[in-house]
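Chain identifiers are assigned alphabetically (A, B, ...) following the order of the sequence lines, protein sequences preceding nucleic acid strands; residue numbering begins at 1 within each chain.
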Protein chains: 2
Amino acid sequence: MTEEQEFLESYNPGEYAPVAVTVDVVALTIREGRLHVLLVERGGHPFAGWRALPGGFVQDESLDAAALRELAEETGLRPGEGVLDRVHVEQLRTYGNPGRDPRMRVISVAYLAFAPSLPDPRAGSDAAGAFWVPVEAAGELAFDHAAILADGLDRARSKLEYTPLATAFVESEFTIADLRAVYAAVWGEELHAGNFHRKVLSVPGFVESTGEIAVRGGERGGPKPKLYRAGDARLLHPALLRPAREDDVR
Amino acid sequence: MTEEQEFLESYNPGEYAPVAVTVDVVALTIREGRLHVLLVERGGHPFAGWRALPGGFVQDESLDAAALRELAEETGLRPGEGVLDRVHVEQLRTYGNPGRDPRMRVISVAYLAFAPSLPDPRAGSDAAGAFWVPVEAAGELAFDHAAILADGLDRARSKLEYTPLATAFVESEFTIADLRAVYAAVWGEELHAGNFHRKVLSVPGFVESTGEIAVRGGERGGPKPKLYRAGDARLLHPALLRPAREDDVR
DNA sequence: GTAGCTCATACTCACCCTGAGCACAACCTC
DNA sequence: GAGGTTGTGCTCAGGGTGAGTATGAGCTAC
């Protein structure tokens, strides 16, 4: 008897049922001012033809590495090309209700990824079936993926409040207005430009000036804005709290 | 070929390696004004004789149910006795680095539990090996359990800020001072009694008055305080922010 | 019983942050 | 060039916070 069998049977004699572990990724980006999520169309059963979050089996790698690998595969981006380095990836939550996959017990470790506007997945690649969809238009998803997406959106909305996460959605040099557009897209509400400006500059380590100025103003007018890059803070103190909503509380 | 084998091999042909899924529980309580964590002493290899977080295999049940079951087994408490109903349990994070268990690939879904002061695990039961330890005295733990505990403490500290979680650490009727003692124990710092009092009563839904008064004052004097029970808020607005610490930011 | 310390609760005051509105000049499109 | 748009800065009122003080009820020790 191998040490492994001994291990399993000593804990749970005779009852051991096989389990599969997967990662599913809620990849978010902002395109044309709207929050988008990366979805794939399922080929095989069950839920053939349904949309689903990209994901797959965990191989001999860390969970974080599995999430990054899946993201790279589905977007057609290659690690080391620079684009993926700017993607923020974090673990979201693990979903493992019996029956969430009709075939067998599947434990799915969900990840959340935030990226600056990424290109459309290349049609020729193995990422052919993936596409960006505005989050409001995600519709019904396979398995419990709609719940996972909802949890991911909640997490994203609240992490904007107390972390500099918004900088992960913009290019490496950005304007305060770019940052404000991220908050507006994720929170779904406009922010007061003057107050936002004051707040962002007053939080230590949120952004730092590059000293440069954009080559042109906004598409519909306005002065050439100053450029910033992400600062070194990992938490925002004091936080940038979103206005209280009634249904947040109870 | 079963549907299950087909499923596995279609995704990951020939590479499928067995995986075990466990839950580990960071159970916290407050005893004598200090934050304690529930630990067990391991019998078998590896890490025989080391302390570890209580945990075990996930059976045919939800992950949440597995965590509650493990907690009940290790504390010797029986579900339905009322005590366990007041325990707050939430998922913390999933740990799955290859090599974290030398025997095989083990994915551990960690849970965080908060309870009012619980009795010592009964010596005669199957919970014989479990005991409460002040968190500062946890010392080295088996596997990556020290990191899990640290993550759990971080989560607990920050959840006190924006949720009424502190009420899960006290009896169903409590005084403002009881609540303040929870914050002091978890955050490791004293709070200004007057300001805390004002703040707790001003946050809608945090606590509600029972109209009663405690039968006696504090152990060392002072008036008989009013009694409160938990309100119906699930989030604190505005939050009860802990004083900024330098090392929080970066 | 009483002295002396402890505590729950309340009040005050200065300060900071926020939301809201206004100002202005630079900038775009037409 | 006209007219609308926008980045940036300012002001002002209101609310929340940290720190201090006050008061009287309540405990333990003697």
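Side-chain atoms of B/D24 and B/Y95 include no donor-acceptor pair closer than 3.5 Å. B/D178 and B/Y228 form no side-chain donor-acceptor contact under 3.5 Å, judged by distance and modelled atom types alone.
The CG atom of B/L201 sits 14 Å away from the P atom of D/dG16 (whole-angstrom rounding). What separates CZ of A/R198 from P of C/dG21 is a distance of 14 Å, to the nearest Å. Regarding B/R180, its CZ atom lies at a distance of 14 Å from the P atom of C/dT6, rounded to whole Å. What separates CZ of A/R242 from P of C/dG19 is a distance of 13 Å, to the nearest Å. Taking atom NZ on A/K199 and atom P on D/dG9, their separation rounds to 17 Å, with Å as the unit. In this structure, A/L191 atom CG and C/dT18 atom P are separated by 12 Å, rounded to whole Å. Following rounding to the nearest Å, B/F196 (CZ) and C/dA10 (P) show an atom-to-atom distance of 15 Å. Spacing between atom CG of A/L240 and atom C1' of C/dC16 amounts to 16 Å, rounded to whole angstrom units.
The side chain of A/A193 approaches D/dT8 more closely than any other nucleotide in the set D/dT17, D/dT8, C/dT9. The B/I176 side chain lies nearest to C/dT9 when the options are C/dG19, C/dT9, D/dG7. Distances from the side chain of B/A177 to the nucleotides D/dG20, C/dA8, D/dG7 place C/dA8 closest.
In the displayed structure, B/E173 atom CD is contacted under 6.0 Å by more than 12 heavy atoms of other residues, nucleotides or ligands.
For the contact set between residues 211-228 of chain B and DNA chain D, defined by any heavy atom under 4.0 Å, the members are B/R216, B/G217, B/G218, B/E219, B/R220, B/G221, B/G222, B/P223, B/K224.
When the options B/T167, B/L160, B/L165 are evaluated for a side chain to side chain contact (heavy atoms under 4.5 Å, CB included) with B/T163, the one that passes is B/L165. Screening B/T29, B/V182, B/V26, B/L28 for a side chain to side chain contact (heavy atoms under 4.5 Å, CB included) involving B/F114 leaves a single residue, B/L28.
As judged by a 4.0 angstrom heavy-atom cut-off over every strand, A/H192 is placed among the base-contacting residues.
With hydrogens and angles disregarded, a donor-acceptor distance shorter than 3.5 Å links the side chain of A/H36 to the backbone of A/R34.
Checking the phosphate oxygens (OP1, OP2) of C/dT9, a side-chain nitrogen or oxygen of B/H197 falls inside 4.0 Å.
Cation-pi geometry between A/R198 and A/F196 is not satisfied (NZ or CZ under 6.0 Å from the ring centre, within 45° of the ring normal).
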